[in-house]
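The basis for the numbers below is simple: all heavy atoms, side chains too, and nothing from hydrogens, waters or symmetry mates. A note on names: the letters A, B, ... follow the listed sequences, proteins ahead of strands, and every chain is numbered from 1.
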Amino acid sequence: MPELPEVEIVRQSLNRQVKNRKIIKIQVNNRNLRLKVPKDFEQIFKNAVIEKIQRKSKYLILVFNNHLYCVIHLGMSGTLHFMGLKKKITNLSFYGSQSLPKKHNHIIFRFKNFKLIYNDPRRFGFFKILNNKSDYLRFFTRIGPEAISKDFNKKYLRKILKNRTKNIKNLLLDQKLVSGLGNIYVNEILFQAKINPFKKSYLINLDENKKIVKYSKIILNKAIRFGGSSIRDFKGITGKSGNFQSEFKVYDRAKKKCSRNKCSGQIRRKIISNRSTFICSVCQK
DNA sequence: CCGTTAACCTGAGAGC
DNA sequence: TGCTCTCAGGTTAACG
């Protein structure tokens, strides 16, 4: 489901709801997520207090008072839901006044006055425990600089594009090189930068290089301001939908007219590495 | 080292 | 109503 902006919206919601709260009990209904939920997961976090909630690219990190970290990745379909213990607090739930999904509620965190529930139909998400700061740092060495950070700049991008033969779209999706981008936002960034997603990385010129950096930041930050993108059923943890989907210029716009002023092109859907790729062949060269 | 592909899963929606 | 097919905000092991 989520790319950097959606994960950031979830982080903000968690920060409002569970910061400085104690987990009273954990119930694991299904350990078979992308990584197996450890047998002692329930015991380790019982009575632990969540000191803060961080985000790094698409990962959420719960920082606990017992110096442990819990890294959460939502995969494609992972969602977190609030649920009051009594029905009168159901307005805190993910679906507003409605009830939780019936299936795939894999992990339930019980707090004093509410529950936090992890739902994930496809089970591509995971929960990973990191025991100390050094494990934490080691875990994130696999992740490149965040696309919205200062470390992702012209000079850095130039360096990673040079001598690489793979296409620019796959390169930007490679989390080891630059992190936080996913299929939607890469499509949007390359459209704004007027670059064909099939273009070989080493052929990206200096002007295009600059535009990729510029639009990465503009688009991600705007998406955060809009509350993320709500395609299908993504909502923030308190039930509000994001609105950035109405700002899409190419993603999911196959056969529609190019949204760029004065461009007569039509958006086409093509496949790159098994993923939908949307291109205006007139303005993306 | 690099780049590509298949695989991991379930559910929604389209077409017949 | 139901079958079959395609597709989905991600990642990574395995292969050449």
By the 4.0 Å heavy-atom rule, please label A/Asp120 as base, sugar-phosphate, or nothing. nothing
Per [X] side chain, nearest of listed nucleotides [options]:
{"X": "A/Phe124", "options": "B/dC8, C/dT11, C/dA8", "answer": "B/dC8"}
{"X": "A/Ser273", "options": "B/dT5, C/dT11, B/dG11", "answer": "B/dT5"}
{"X": "A/Arg123", "options": "C/dT11, B/dT4, B/dT10", "answer": "B/dT10"}
{"X": "A/Ser276", "options": "B/dC9, C/dC7, B/dT4", "answer": "C/dC7"}
{"X": "A/Arg275", "options": "B/dT10, B/dT5, C/dT11", "answer": "C/dT11"}
{"X": "A/Asn274", "options": "B/dA6, C/dG10, B/dG3", "answer": "B/dA6"}

According to the interplanar angle, ranging from 0 to 90°, do the rings of A/Phe109 and A/Phe111 count as parallel (below 30°), tilted (30 to 60°) or perpendicular (above 60°)? tilted
Under a plain distance cut-off of 3.5 Å, with no hydrogens placed, do A/Tyr118 and A/Thr79 share a side-chain donor-acceptor pair? no
Inspect the contact between A/Lys56 and A/Glu146 and indicate whether a charged nitrogen and a carboxylate oxygen are less than 4.0 angstrom apart.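 So A/Glu146 does not pair with A/Lys56 through a salt bridge.
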Could you tell me which residues satisfy side-chain hydrogen bond (donor to acceptor under 3.5 Å, both in side chains) with A/Lys211, sequence neighbours excluded, listed by chain and number?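 Partners of A/Lys211 by the side-chain hydrogen bond (donor to acceptor under 3.5 Å, both in side chains) criterion, ordered by chain and then number, come out as A/Asp207.
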For [N], does either OP1 or OP2 sit under 4.0 Å from a side-chain N or O belonging to [X]?
{"X": "A/Lys58", "N": "C/dT11", "answer": "yes"}
{"X": "A/Lys103", "N": "B/dG11", "answer": "yes"}
{"X": "A/His104", "N": "B/dC9", "answer": "no"}

Helical stems, DNA chain C - three or more consecutive Watson-Crick or G-U wobble pairs below 3.5 Å: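 For DNA chain C the paired stretches long enough to count as stems (3 pairs minimum) are B:2-8 with C:10-16, B:10-16 with C:2-8.
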Say you draw a straight line from CD of A/Glu8 to CZ of A/Arg225; how long is it, rounded to the nearest 0.5 Å? 13.0 Å
Rest of the hydrophobic cluster containing A/Leu137 (Ile/Leu/Val/Met/Phe/Trp/Tyr, side-chain heavy atoms under 4.5 Å)? A/Leu35, A/Tyr59, A/Ile61, A/Val63, A/Tyr69, A/Val71, A/Phe126, A/Leu130, A/Tyr136, A/Phe139, A/Phe140, A/Ile143
